[in-house]
Every structure is written in structure tokens, then in C-alpha cells.
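Given the structure is predicted, the values throughout are model-derived calculations rather than measurements.
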Amino acid sequence: MARRSRTAVAAVVLVLIGWLHLTGAASADSPNLVVNSGFESGTLSGWSCGSTGSAVTSPVRSGSYALTGAVGASDTAQCSQTVAVLPGSAYTLSAWVQGAYVYLGADGYSSTWTPSATGWQQLSTSFTTGAATTSVTIYLHGWYAQGAYHADDVSLTGPGGTAPAPPPVPSGLAVTGTTSSSASLSWTASAGATGYTVYQGATAVATTAATTATVGGLTAATAYSFSVSATNSAGESSRSSSVTATTQAAGGGGPAPAWHPSYLSIGTVYTPGSTVDAYFRTLATHGPVPNYGYEYLIGGDFGNWAATTTTMVGHARQLGMTPVMVDYGMNGNVDGTSVDFTNMQNSGWLTTYFTALKSAAQAANTAAPGQPVGWVVEPDMLGYLQQNYAAGYGGNAAAMPAATGAAYSSGVLATGTDPAFGSNLRGLTEAITYTIKKYDPSAFVGWQVNTWGVRDALKDTDSQGWAAGRQSVTQVATQVADFVKSADIGYDADFVAFDQWGQDFGILRDPNPAGDIRYLNAAHWSNYLLYVQTIRQSVGLPAVLWQIAAGHLNSTHTPSPTYWNASGTFPDLDDVTTEQDEDSAAPYLYGDTFTSGGNNLAFYGANPGADPKVSVSGSTVTWGSHLPDAAAAGVVAVLFGAGTGSGTYGVPEMVGTNQTGPGDFGYWVTRTQSYLAHPTPLP
């Protein structure tokens, strides 16, 4: 009897072990790493949710509590938790959710979402950590103005890591170089650090993943105190001992000349040449010429950068325009989404690039010593990098590799004399700006960003309503700003440049403009200015609008000077012939009245934001000038024109139809000269 009892007990134990094996082995091998995963503490312990999250008793999927996120018009109610993991390991993240547009993901890795979960629905996504990853931040959130969401039973399975401690204080902080407006620092890496914060006095002025940093925006011949701390997911170390850096005296016997006037100025794409220059000289007899002329330096033409710059600077200045060079070198004039990423890691390419950049900057300084020459740097580069690669690096440009060392091995920069820029995208952008100003001290420089670096949000007000759509534009702009700030585009820079497609949209000939992302009405241009304002305020620089198309909308009521059209009217553009393509940029910025009908009338007459400068009377639409709005948003200059060579639309850049026929340029020049006679003062 006793033997049978022991046998029976053993059998029961074996059955239980087998059941536990079947139901619990996965947990034993891959435990749930999420703290308070079911919110059963009745609180949000372990989670970071701000004031928008709470643990509630209904609805719940299991247990007694679940998470509710109170989504608002300007808040997605995100809740997040940082979890220790192992490098190079596979993980599965899941959660049960309810609500509209609920998102689950891990920062820098994968995410998933549901547009509508009326009952409990499980979301799941998998990812593999990077070679140096020791923690990930998981998150849940809803979407603007879509109502509250609920979540329960959050799970992250995979091998657990050791929660890191804050790193030790960095050592070896030293000043490696100074200019009249910057100081460069280096220090010894701290074990376990994932980033560093640089302090100027008591103020944090820079963050970086490298062990070097350059702080710009300083005053010449001034002493500054700097210290640095190390950070990781567990927190921040104490600050290091401080060092003092004294900036160099301003060169040239005084401050550099102002690069823009006290009013919102206008520029045009311009390629020097006998007939083009003759056109501009004739233009000057009718009124003011544009303030700026800009021309591309193409990556496929490195050997001619110096000569191109010399010609451009000399000719533009003779015509009374400030010259602006557009550095389109990193992608070699190939409009491809991966070219920049490949070339910025190629030492051979960067050796050629930096050598050409030095020669062009020297040529500008020789052609116009002590006079301002502008530089719009690397169109599309940052947009493509953010769009296609940033997520793999946690949205941090300082973690994206670049062969910046080529600037030194090529002899363009000198180790120990010039700042030590990091071998990453941040260091590369800093080195490019520094190189231009080293060899052309009077240069004014700005990096260009795009409206599509995350996605084009300018029409979000159409689908989400005015308030929510404007908030969405701001959120997308903030994401772009965060990335370009991690690339330190503000280092020793003078402005940030923004494009908007750069092509007259009439070439598309879409009979339903509301359905085509390339067509913009006054509300969309207002969203564009909001996008510009958000980013330029975030980076702390004025804005230059660049590559703005020059066409007009048909049936304009603006009279034509008879030297353009004997009839005194601007003829309609046929949207077929070269240089005869409609666009809404110039009518929006300069203001215009035009007759419309059908889909076009509904589209161009739309006014969801109740803009007092937009009105409709029958089939007549009136847009007042929005250049004062642009100035209020921090725009100091608008550069019109789409590109170079045959890619230019609607501006008098080259020989050919640009200077003949009823093309776009007559309207644009008329509006430009009329504006420059009474320009908008800057705030």
C-alpha cells in the first residue's frame, strides 16, 4: 500500500512536471523581461507614461488591471519601459490592445500597429538587437485625437541582460582646437557609456555618442569653461573636471559682412554665361535684380569645382547678386536613396570630395576676399539617410558610420591643429561646414533638409482636420529636427535650408489636384511654413527656402509689363511646353488673384484654416501676399528655381526658352521686381 502510494505520488509528480514542461518551458528559457507587464501592481511602476497613462480595472484582458492611455489632440499617450537585453540576440515583443490606431514597438527596431481593435487584439513583432546593444526601450501609444487605447499582458521574450549602472565619470577632457566661434574637445571613453553630454558652464550644450565634440556659436577672443558627463540607460555620471577654451580673435580686422539684408530677400538659380548675363543686365533696367544667384557644384564634376566657383562668384557679383554655391557632392549627382550612405563611408570618395570642397572654398575666397559667399550643403542627403537608415541607428546620426578621417588623410584638415571630428555622420557634417569656413572665412553656410525625411505631412490637414493635421505637421517636423540636430547641422552654421520638391507641378497635368501630393493650395503652403518654423526654431537658425518653383496659376489677374507681353496680360501656361508649367508657390508668397473653375476652384479656394488672406468670389480666388507670414516664421530668404541645366523650371538661367516666349519667367520676374521695390522687413 505504501509502495503504491509512493508510486502514485511519483506518477502525479511526473505528470505535473510534464505539464509544466509543456506550459512553462518557454518561460524558463525565455522569461518575460517586462516589469509590471500586466499592470497588476495597480500602478504604472516600471513604466514611463507621464500624466496620460493610468492603471484601470476595466477593461482588462487578464488579472485585475490594465493600462489606459488618454490620447489627446496633441498627445499620443505613449508609455515606455527600458529593458536590459543582450547584444546580437532575438526577441519577440507582444501585447494585447484595444482601441483605434494603437502602436507597439521597440525604439530603433521594429514596430506594429492596428487601425481598429474593438476587442482585445494581440500585436506582435520580432527583432534582433545590435552588436553593442544592452538595452531597448519598448513602447505603446495611440494616435492624435483617436480616443483612448488600452493594453494588457505586455511581453518581451528573449535572453535577459544585466541592468546597467550609470557609467563612470569621463577622464582626460582636453581642448583640441578653437576657431573664432567654436571650441573642440576630446576625452577618454567611459566603460558602459552610450553617450556623453557636454556642458558649457552649467548648461548642457551638446550630446554625442563619440568621445569628441565641437561647440559652436561662441564669441571671438572669449574664455569658456567646459565639462562632460557620460550617460547610458541607467542614468548620467557626475561631470568631469572642467577645462577652459579661449576662442581665437575674429579674422580680417573686424566682423564678417552681413550675409542677408534687413528684409526678406529673394534669389534665383543662375548659370553664368554671356547671354544669361546680358539678360540680367537688361532686367536691371526695369527694376531690382534678385539678391542672390545660386549654382550647383556637382559630385560628378569634382575637378571643375574651383573653376565653376570662380566664374560664378565673379559674374554674380558683377550683376549685384550675392553668389551661392549648392554643394551636391556626396551623392555624385545620382538621385538615389543609398548613394549618400555608401559614399560617406568610402574613404576614397571622401578624399576626392574634401579636396574639391577645399579648392572651391579657396576659389570663393580668392574671387571675393572678405565678401559673403553662400553655401547650401548636400541637398537630399540627410533626407535619404533619415528616411532609409536612421531607424537602424536609433535615430542618432552620431551612431551612423562615416569615413571622416579622409578629411585629415587628404591633407584638407590637419590632426592636432584642426578640431578632431568623429567618424560618424555628425562628425562628417561638422567637418564639411568647418572646411568651407576654414578656406572661405566669409562664407555663410547652411545644411538642407527635406519635407519627406520622415514622410510628407503637408496635406495632413486634408485627412485629419485642421487642428489635428497641424499637430501632425509639427510632430513630423520635430522628428526631422531631432535627427538633423543629432547630425549637428547647427555647428558653425548660419541658416538651415528647406526645399519643396523644386518642380512646377503643372507638368503633371492632374485634373484632380486634391488627390496629388505635388499640388499645394494656400492651406498646404501654410503647413509648409509651420514645418519650416518648427525645425528652424528647434535648431536655432534662420530659414532659407530653396529650390522654390517659379510658375504661376493660369488666368492670373496680375497685369504684364508690355516689354514682356504686348497684350498687357500674362498668357496661360499650357503645362506641356518647356518653361510653361503652373505652380502655386509664387502666387502664394507674392499674392495673386486668378480665375478658376471645377476641381481647381474647389482646391485653390479651400480655406480650412480661415486664413484672412484667402478669399473666393464666384470663380475668382484671391491670395494675399504671404511673405510677411514667411518672415514671421523665421525665413530670411527665398531662392527660386528648380535645378541646373535642362532641369531648371521657370527661371532665366540658360540660353533658350528661358528668355523667349510666354514662359514662367516673365511673371516671376515681374512679381520679384515689384516685391523688391517694397520688400518685407524682417522681425
field: Intermediate values then yes/no, side-chain hydrogen bond (donor to acceptor under 3.5 Å, both in side chains), D380 and N331
entry: CA-CA 9 Å; D380 300 339; N331 53 7; 5.1 Å; no
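- A497 and V376 get closest at one heavy-atom pair: CB-CG1, 4.1 Å.
- Of all heavy-atom pairs spanning T404 and G422, the tightest one is OG1-O, 2.8 Å.
- Considering every non-hydrogen atom in both P272 and D277, the closest pair reads CA-OD1, 4.0 Å.
- When every heavy atom of P290 is checked against every heavy atom of M321, the shortest pair comes out as O-CG, 3.1 Å.
- In this structure, W259 and F444 have parallel ring planes: the angle between them is below the 30° cut-off, well short of the 60° mark.
- Between F570 and Y667, the angle of the ring planes goes over 60°, which puts this pair in the perpendicular group of the 30/60° scheme.
- Closest approach of A585 and A549 over heavy atoms only: CB-O, 3.6 Å.
- Shortest non-hydrogen contact noted between A183 and F226 is CB-CE1, 3.9 Å.
- In this structure, Y270 and F280 have perpendicular ring planes: the angle between them is above 60°, well past the 30° mark.
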- request: Evaluate the side-chain contact (heavy atoms from CB on, under 4.5 Å) criterion for residues L589 and V638: first the C-alpha distance (whole Å), next the side-chain angles of each, then the deciding distance (0.1 Å), finally the verdict.
  value: CA-CA 9 Å; L589 291 168; V638 183; 4.1 Å; yes
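- No side-chain heavy atom of E582 sits under 4.5 Å from any side-chain heavy atom of H552.
- Looking at N304 and D301, their side chains do bring a donor and an acceptor atom within 3.5 Å of each other.
- In this pair, Y675 and Y590 present their aromatic rings tilted. The plane angle is within the 30 to 60° band.
- Side-chain contact check for T429 and D488: no donor-acceptor pair (N or O, by modelled atom type) lies under 3.5 Å.
- A donor-acceptor pair shorter than 3.5 Å cannot be found between the side chains of T433 and W375.
- Atom-to-atom distance recorded for N291:CG and H260:NE2 is 11.0 Å, nearest 0.5 angstrom.
- No donor-acceptor contact under 3.5 angstrom links the side chains of Y588 and S625, judged on distance only.
- Under the salt bridge (charged side-chain N to carboxylate O under 4.0 Å, His left out) criterion, D418 pairs with K438, sequence neighbours left out.
- A donor atom on one side chain and an acceptor atom on the other are found under 3.5 Å apart for S538 and K485.
- Taking the six-membered ring where tryptophan is involved, the planes of W525 and Y528 are perpendicular, since the angle between them exceeds 60° and thus also 30°.
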